[in-house]
Amino acid sequence: MGSRASTLLREEEIEEIKKETGFSHSQITRLYSRFTSLDKGENGTLSREDFQRIPELAINPLGDRIINAFFPEGEDQVNFRGFMRTLAHFRPIEDNEKNKDPTATEPLNSRTNKLLFAFRLYDLDRDDKISRDELLQVLRMMVGVNISDEQLGSIADRTIQEADQNGDNSISFNEFIKVLEKVDVEQKMSIRFLH
């Protein structure tokens, strides 16, 4: 039963994905098995509909935004490698990764890349800043009808007022980082993947 996943994934692909994402061999084969079980078209890619069948995403108020993060601009399918690259943002940072070679490319699960992933959930029009309207839309997704538009507007205004350092009435990525500097992003944006 579990052999289908390991036979379709070549050893060299597993090694490349290990290097790129930091996942272990067993984590990659387990996630490949999950990927193939979600791949209802059995074509080696996942569609948005495949992701929408995941119960945890279906009930998450930001589920559509999270699903969109798996798909490059203009694409409607994601292959296993793209799937793994996105999941790597949620891999916990291991102690032995914290003092790696400073000349190496930053791992996908670094604090900066985790924050960039979160920032992009809010930056709906992908213009590299979060406007009041974008913040309102995401807040509305998160709280639904439980808070009045007036209260949401007040939260959005206060958030932008606190974060906006250059007076452009929006939040840039650098301003986003500054606001979240005391937040334990590594813990809040990590999923424990079985070894």
| task | Check the pair Val179 / Ile177 against side-chain contact (heavy atoms from CB on, under 4.5 Å), numbers first and verdict last. | result | CA-CA 6 Å; Val179 167; Ile177 289 173; over 6 Å; no
| field | side chain to side chain contact (heavy atoms under 4.5 Å, CB included) partners of Lys18, counting only residues at least two apart | value | Ile14, Glu15, His25, Ile28
| query | At their closest point, which heavy atom of Arg132 faces which heavy atom of Ala156, and how far apart are they? | reply | CG-CB, 4.2 Å
| query | Between atom CG of Leu57 and atom CD1 of Ile67, what is the distance when rounded to the nearest 0.5 Å? | reply | 5.0 Å
| task | Check whether any side-chain heavy atom of Leu116 sits under 4.5 Å from a side-chain heavy atom of Thr112, and report yes or no. | result | no
| said: Let me check something: do Leu108 and Ile17 share a hydrophobic cluster, defined by ILVMFWY side-chain heavy atoms less than 4.5 Å apart, either directly or through other members? | reply: no
| request: State, without any angle test, whether Asn174 and Ser172 hold a side-chain donor-acceptor pair at a distance under 3.5 Å. | output: no
| Asp123 and Lys129: side-chain contact (heavy atoms from CB on, under 4.5 Å), yes or no, with the steps? | CA-CA 6 Å; Asp123 183 16; Lys129 58 184 182 245; 5.7 Å; no
| note | For residues 53-64, the side chain to side chain donor-acceptor pair (under 3.5 Å) pairs (sequence neighbours left out) are Asp50-Arg53
| Partner residues of Tyr122 under the ring pair (Phe, Tyr, Trp, His ring centres under 6.0 Å) criterion, sequence neighbours left out | none
| field | Phe51 side, atom CZ; Phe70 side, atom CZ - distance, nearest 0.5 Å | value | 4.5 Å
| Are Leu62 and Met141 close enough that some pair of their side-chain heavy atoms sits under 4.5 Å apart? | yes
| query | Any ion pair linking Lys40 and Glu49 (charged N to carboxylate O, less than 4.0 Å)? | reply | no
| Under the 3.5 angstrom rule, does the side chain of Glu162 hit a backbone N or O of Thr159 as a donor-acceptor pair? | no
| said: To the nearest 0.5 Å, what is the distance between CD on Gln77 and CG on Asp39? | reply: 8.5 Å
| In terms of ring plane angle, is the pair Tyr32 and Phe80 parallel, tilted or perpendicular, where the classes change at 30° and 60°? | perpendicular
| said: Before you tell me yes or no, could you show the steps for Leu87 and Thr21 under side-chain contact (heavy atoms from CB on, under 4.5 Å), namely the whole-Å CA-CA distance, both residues' side-chain angles and the distance that decides it to 0.1 Å? | reply: CA-CA 8 Å; Leu87 285 181; Thr21 65; over 6 Å; no
| request: Could you note down all residue pairs passing ring pair (Phe, Tyr, Trp, His ring centres under 6.0 Å) where residues 142-184 supplies at least one of them, sequence neighbours left out? | output: Phe119-Phe173, Phe119-Phe176
| Single-linkage hydrophobic cluster Phe23~Leu9, side-chain heavy atoms < 4.5 angstrom | yes
| field | Criterion side-chain contact (heavy atoms from CB on, under 4.5 Å) on Arg48 and Asn68, from CA distance to verdict | value | CA-CA 8 Å; Arg48 283 178 168 74; Asn68 285 341; 3.1 Å; yes
| query | Is there a salt bridge (charged side-chain N to carboxylate O under 4.0 Å, His left out) between Glu175 and Lys178 once you walk through the steps? | reply | CA-CA 5 Å; Glu175 291 166 339; Lys178 189 98 177 110; over 6 Å; no
| query | Should Val138 and Leu121 count as side-chain neighbours, where that means a heavy-atom distance under 4.5 Å? | reply | no
| query | Does a donor on one side chain sit under 3.5 Å from an acceptor on the other, for Gln27 and Ser24? | reply | yes
| Closest non-hydrogen atom pair between Ser131 and Ser170, with its separation | CA-CB, 4.2 Å
| request: Using salt bridge (Lys or Arg N to Asp or Glu O under 4.0 Å) as the criterion, list what pairs up with Arg120, not counting sequence neighbours. | output: none
| field | With Glu12 via salt bridge (Lys or Arg N to Asp or Glu O under 4.0 Å) - residues at least two apart | value | Arg10
| request: With the side chain counted from C-beta on, respond yes when Met84 and Val78 share a heavy-atom pair under 4.5 Å apart, and no when they do not. | output: no
| request: May I ask you to decide whether Arg81 forms a salt bridge with Glu16, counting only side-chain N to carboxylate O separations under 4.0 Å? | output: yes
| said: Tell me if a side-chain donor or acceptor on Gln151 pairs with a main-chain N or O of Ser148 at a distance below 3.5 Å. | reply: yes
| request: State the OG-CG distance between Ser154 and Asp149, to the nearest 0.5 angstrom. | output: 12.5 Å
| said: Quick one, Asn109 and Lys114 - any side-chain contact, counting heavy atoms below 4.5 Å? | reply: yes
| Main-chain N/O of Ile171 paired to Asp164 side chain as donor or acceptor, under 3.5 Å | no
| request: Report yes or no: do Asn43 and Thr45 form a side-chain donor-acceptor pair below 3.5 Å? | output: yes
| task | Indicate yes or no: at least one non-hydrogen side-chain atom of Asp125 is less than 4.5 angstrom from one of Glu134. | result | yes
| Going from CG on Leu46 to CD1 on Ile54, what distance comes out if it is rounded to the nearest 0.5 angstrom? | 7.5 Å
| Within-4.5 Å side-chain heavy-atom neighbours: Leu115 and Asn113 | no
| request: Tell me, yes or no, whether the heavy-atom count around Glu181 atom CD, taken from other residues, nucleotides or ligands under 6.0 Å, exceeds 12. | output: yes
| message | As an exercise, state the distance from CD of Glu42 to OG of Ser37, rounded to the nearest 0.5 Å. | response | 11.0 Å
| If you look at every heavy atom in Ser47 and Phe71, which pair is closest and at what distance? | C-CZ, 3.6 Å
